Amino acid sequence: MEAMGELVKDVGLSQLIQNGLNKSSMSSAKFPDAATLQAKKADVSAGSGMTVYGSPLGRYLFRYFANERGYDLSKPKPGAAPPALSDGAVPYTGGVPTDETMPPYWEEFKTSKFIDLYCKYMCLKETTAREPIVPKMFEEMRPLGKGAFGAVFLVFKKDTGMPMATKKMMKKIGKQNKMLNDILIEREVLSKVNSRFCVCLHYAWQDANDVALVITLMPGGDLEFMMKGRENKGTYNPMSIDMIQFYTASMALGLEAIHSMGYVYRDLKPMNVLLDDQGQVRISDMGLTADISKGPIKQCSGTRGYWSPETVKKEKYTTEPDWWSLGVTVFVLFCHKLPFYGNDEEKDAMTVAGQINFKHGEPEELQKIVSDLCTIDMGARVKGVDALKAHPFFQNFNWAALEQGLMAAPFQPNINDINAPSASEIDAFKAPKDVTWDQEQIDMFKHWEFFNQNVWESEEAPMRMKKFNELGGGGGGGGCCTIS
């Protein structure tokens with residue numbers, strides 16, 4: 001296609017997501033034949049229940065199995081002899097099976113429908129992993145957003161019915177804008193970061209015109225859009241401290257996940273923090289992320305006004321700029337204004353001076369967290385989740401509930417309100433006639449394809465099982481990136 005908007009269905013976003021992909025539009029899943037399935041079942045059955053439980057799909061099915069039958073996998077199976085414990089061993093009571101408690105549950109699991117489902121879907125996963133990732137695997141429905149050289153679309157995976165978002169970028173526009181390295185960095189970081197506070201990469205594909213990242217569906221817009229909804233006739237309704245705690249902690253956990261993989265994010269701001277339909281947030285847009293695994297860097301990158309002093313002065317840094325940007329974002333969440341303002345030179349001068357004028361009725365505890373994050377001295381700056389957990393601003397905040405996905409968001413967006421572009425709006429993305437995609441670019445993107453097998457097990461397989469009522473009654477648990 002010469003224009004990115006061609007053939008896109010321009011219909012209601014909320015209705016599309018709610019209805020899902022009709023079974024008639026789904027492709028047949030390439031499940032194994034009877035002989036292959038039996039061989040897989042024999043191989044799995046000869047192994048360990050703990051090994052099966054250790055996989056995302058096995059854990060999901062074991063929990064479904066336990067809920068259906070009223071079992072607590074961390075305790076001896078009802079009616080079974082208590083396990084023999086080694087000297088000093090203490091039974092685990094947190095709901096997770098151990099080597100001692102698992103055997104009788106494993107024997108029963110192997111005679112249930114769950115072992116068949118496990119083997120059937122693991123075979124499907126292995127088949128998917130062997131095949132090329134191509135656009136026809138996805139049903140493209142409508143655009144969700146647009147950027148400098150591409151757009152984001154609502155898609156459904158045809159064989160599982162899983163709703164996702166595809167970020168499509170036109171190759172020639174990316175080359176023309178000298179953004180190919182940024183595109184590759186985003187794919188690299190997303191393929192490594194696995195957190196409920198960052199968008200997850202499900203797949204990556206390319207064709208003659210586009211490169212694409214298939215990521216977590218976040219239809220609730222971004223924090224900037226949400227803040228605009230808090231304005232009334234030019235007056236902004238400040239967020240409560242509870243709301244700011246929720247968003248700040250979520251962003252901090254997302255940053256921590258990025259840092260743990262050896263990267264600095266460098267572009268934290270409300271526009272890059274997306275909401276799902278339940279209001280939970282994830283960091284997105286990894287194109288300006290940089291590798292710091294080999295030591296400090298001193299590149300100036302990000303968004304002016306959110307830059308740290310060391311970024312402005314092009315001094316060496318590792319993760320420090322992200323915590324400064326978090327402080328700026330906290331300030332913006334409260335008053336919807338930047339602490340450092342004016343023209344470019346004035347913003348930079350105010351940033352380097354580090355003097356924040358609190359003049360919007362900011363509570364004392366909010367002034368304290370902003371000041372401690374936006375500290376010029378990188379050594380004295382509050383950095384890291386552990387430091388935030390110990391900060392007075394989070395004195396009564398339940399970090400454990402947030403980390404486990406058990407904390408309700410303080411705001412649930414109405415996705416009908418999201419100002420998604422129409423198909424005609426993204427027709428402006430046309431491949432430039434005077435730009436070519438040469439062997440050099442082909443070589444750059446030869447390893448672009450990606451399939452996230454862990455997320456497939458924790459999200460896509462359960463999605464299809466539920467859609468085709470293969471699980472029956474009971475309940476189960478999801479994975480790190482489960483979409484609500």
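The residues of the chain are indexed from 1 along the displayed sequence. Only this structure's heavy atoms are used, side chains among them; waters, hydrogens and symmetry mates stay out. None of the values given here were measured: they were computed from a predicted structure.
A cation-pi arrangement is absent between R63 and Y60 under the rule of less than 6.0 angstrom and at most 45 degrees off the ring axis. For the pair K368 and F393, the NZ or CZ position fails the cation-pi test of under 6.0 Å to the six-membered ring centre and within 45 degrees of the ring normal.
Not counting sequence neighbours, the partners of W324 by the ring pair (Phe, Tyr, Trp, His ring centres under 6.0 Å) test are F340. For P135, the side-chain contact (heavy atoms from CB on, under 4.5 Å) partners two or more places apart in sequence, or in a different chain, are W205, D207.
A donor-acceptor contact shorter than 3.5 Å links the side chain of E362 to the backbone of K359. Panel note: side chain T101, backbone P97; no donor-acceptor pair is recorded below 3.5 Å. Between the side chain of E457 and the main chain of L57, a donor-acceptor pair closer than 3.5 Å is present. In this structure, the side chain of N272 engages the main chain of D267 through a donor-acceptor pair within 3.5 Å. Within the 3.5 Å criterion, the main-chain N or O of A204 finds no donor-acceptor partner in the side chain of E449. Remark: side-chain polar atoms of D222 are not paired, donor with acceptor, to backbone N or O of L274 under 3.5 angstrom. Judged by distance alone, the side chain of T311 and the main-chain N or O of W307 form no donor-acceptor pair under 3.5 Å. Side-chain N or O atoms of T375 include one that pairs as donor or acceptor with a backbone N or O of S371 at under 3.5 Å. Counting only distance, with no hydrogens or angles, the side chain of R282 and the backbone of V199 share no donor-acceptor pair below 3.5 Å. Judged purely by atom type and a 3.5 angstrom limit, K383 uses its side chain to pair as donor or acceptor with the backbone of M378.
At least one side-chain heavy atom of I185 sits under 4.5 Å from a side-chain heavy atom of V189. With contacts defined as side-chain heavy-atom distances shorter than 4.5 Å, the pair R142/F153 does not qualify. A heavy-atom distance below 4.5 Å is found between the side chains of M227 and P270. In this structure, E470 and Y121 have side chains that are in contact, with non-hydrogen atoms separated by less than 4.5 Å. For the pair M239/F334, no side-chain contact is recorded, criterion being any heavy-atom separation below 4.5 Å from C-beta on. Contact check for V52 versus Y118: side-chain heavy atoms found under the 4.5 Å cut-off. Considering only heavy atoms from C-beta on, L388 comes within 4.5 Å of I369 through its side chain. Side-chain contact between T329 and Y306 is present, with at least one heavy-atom pair separated by less than 4.5 Å.
No hydrogens or angles considered: a donor-acceptor pair under 3.5 Å links the side chains of R266 and Y317. A side-chain donor from one of K171 and Q206 sits under 3.5 Å from a side-chain acceptor of the other. For the residue pair E320 / T318, a side-chain donor-acceptor distance below 3.5 Å is found, with atom types taken as modelled. Judged by distance alone, the side chains of D291 and S293 do bring a donor and an acceptor atom under 3.5 Å apart. Judged purely by distance below 3.5 Å, without hydrogens or angles, the side chains of H336 and E224 pair a donor atom with an acceptor atom. A side-chain donor-acceptor contact under 3.5 Å links D72 and S74. No side-chain donor-acceptor contact under 3.5 Å links Q299 and S301.
Taking each heavy atom of A408 and F246 in turn, the nearest pair found is O-CE1, 4.0 Å. The minimum heavy-atom distance linking I356 with C374 is given by the pair CD1-CB, 3.9 Å. Closest of all the heavy-atom pairs between M251 and L268 is SD-CD1, 4.0 Å. Pairing each heavy atom of C200 with each of T216, the nearest pair is N-OG1, 2.7 Å. The nearest pair of heavy atoms linking L275 to L223 is CD1-N, 3.7 Å. The shortest non-hydrogen separation linking A212 to K168 is CB-CG, 4.0 Å.
Within the structure, every pair that satisfies the salt bridge (Lys or Arg N to Asp or Glu O under 4.0 Å) test and touches residues 385-414, not counting sequence neighbours, is listed here: K389-E403.
Classified by interplanar angle (parallel below 30°, tilted 30° to 60°, perpendicular above 60°), the ring pair F451/Y203 is parallel.
Salt-bridge formation is detected for the pair R304/D344: a Lys NZ or Arg NE/NH1/NH2 atom is positioned less than 4.0 Å from an Asp or Glu carboxylate oxygen. Between K192 and E188 there is a salt bridge, with a side-chain nitrogen of the basic residue lying less than 4.0 Å from a carboxylate oxygen of the acidic one.
Note that OG of S191 and CZ of R187 are 5.0 Å apart. Values are rounded to the nearest 0.5 Å. Note: I292 CD1 to K316 NZ = 13.5 Å, rounded to the nearest 0.5 Å. We find the CD-CG distance between Q245 and L366 to be 10.0 Å, quoted to the nearest 0.5 Å. For the atom pair N343 CG and D348 CG, the distance stands at 9.0 Å (nearest 0.5 Å). Atom NZ in K313 sits 11.0 Å away from atom OG1 in T351 (nearest 0.5 Å). Taking CE from M169 and NZ from K167, the interatomic distance works out to 6.0 Å, rounded to the nearest 0.5 Å.
For E346, the CD atom sits in a packed shell: over 12 heavy atoms of surrounding residues, nucleotides or ligands are nearer than 6.0 Å. Around the CE atom of M243, the shell of radius 6.0 Å holds more than 12 heavy atoms that belong to other residues, nucleotides or ligands.
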- Task: Let me see the working for T166 and L213 under side chain to side chain contact (heavy atoms under 4.5 Å, CB included), right down to the final yes or no.
- Result: CA-CA 6 Å; T166 293; L213 299 169; over 6 Å; no
- Message: Go through it in stages, so that I can follow the logic: the residues are F358 and E364, the test is side chain to side chain contact (heavy atoms under 4.5 Å, CB included), and I'd like the CA-CA distance, side-chain angles, deciding distance and then a yes or no.
- Response: CA-CA 10 Å; F358 295 103; E364 183 178 343; over 6 Å; no
- Under the ring-ring contact (aromatic ring centres under 6.0 Å, His included) rule, what do Y236 and H360 come out as? Steps first, then yes or no, please. CA-CA 10 Å; Y236 179 71; H360 308 95; 9.7 Å; no
- Evaluation steps, side chain to side chain contact (heavy atoms under 4.5 Å, CB included), between Y263 and H259: CA-CA 5 Å; Y263 299 96; H259 296 166; over 6 Å; no
- Task: Report the C-alpha distance between L255 and W323 in whole Å, list the side-chain angles of each, state the deciding distance to 0.1 Å, and finish with yes or no for side chain to side chain contact (heavy atoms under 4.5 Å, CB included).
- Result: CA-CA 9 Å; L255 291 176; W323 301 110; 4.1 Å; yes
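Between H202 and F450, the distance from one ring center to the other does not fall under 6.0 angstrom. The distance between the ring centers of F65 and Y71 falls below 6.0 angstrom.
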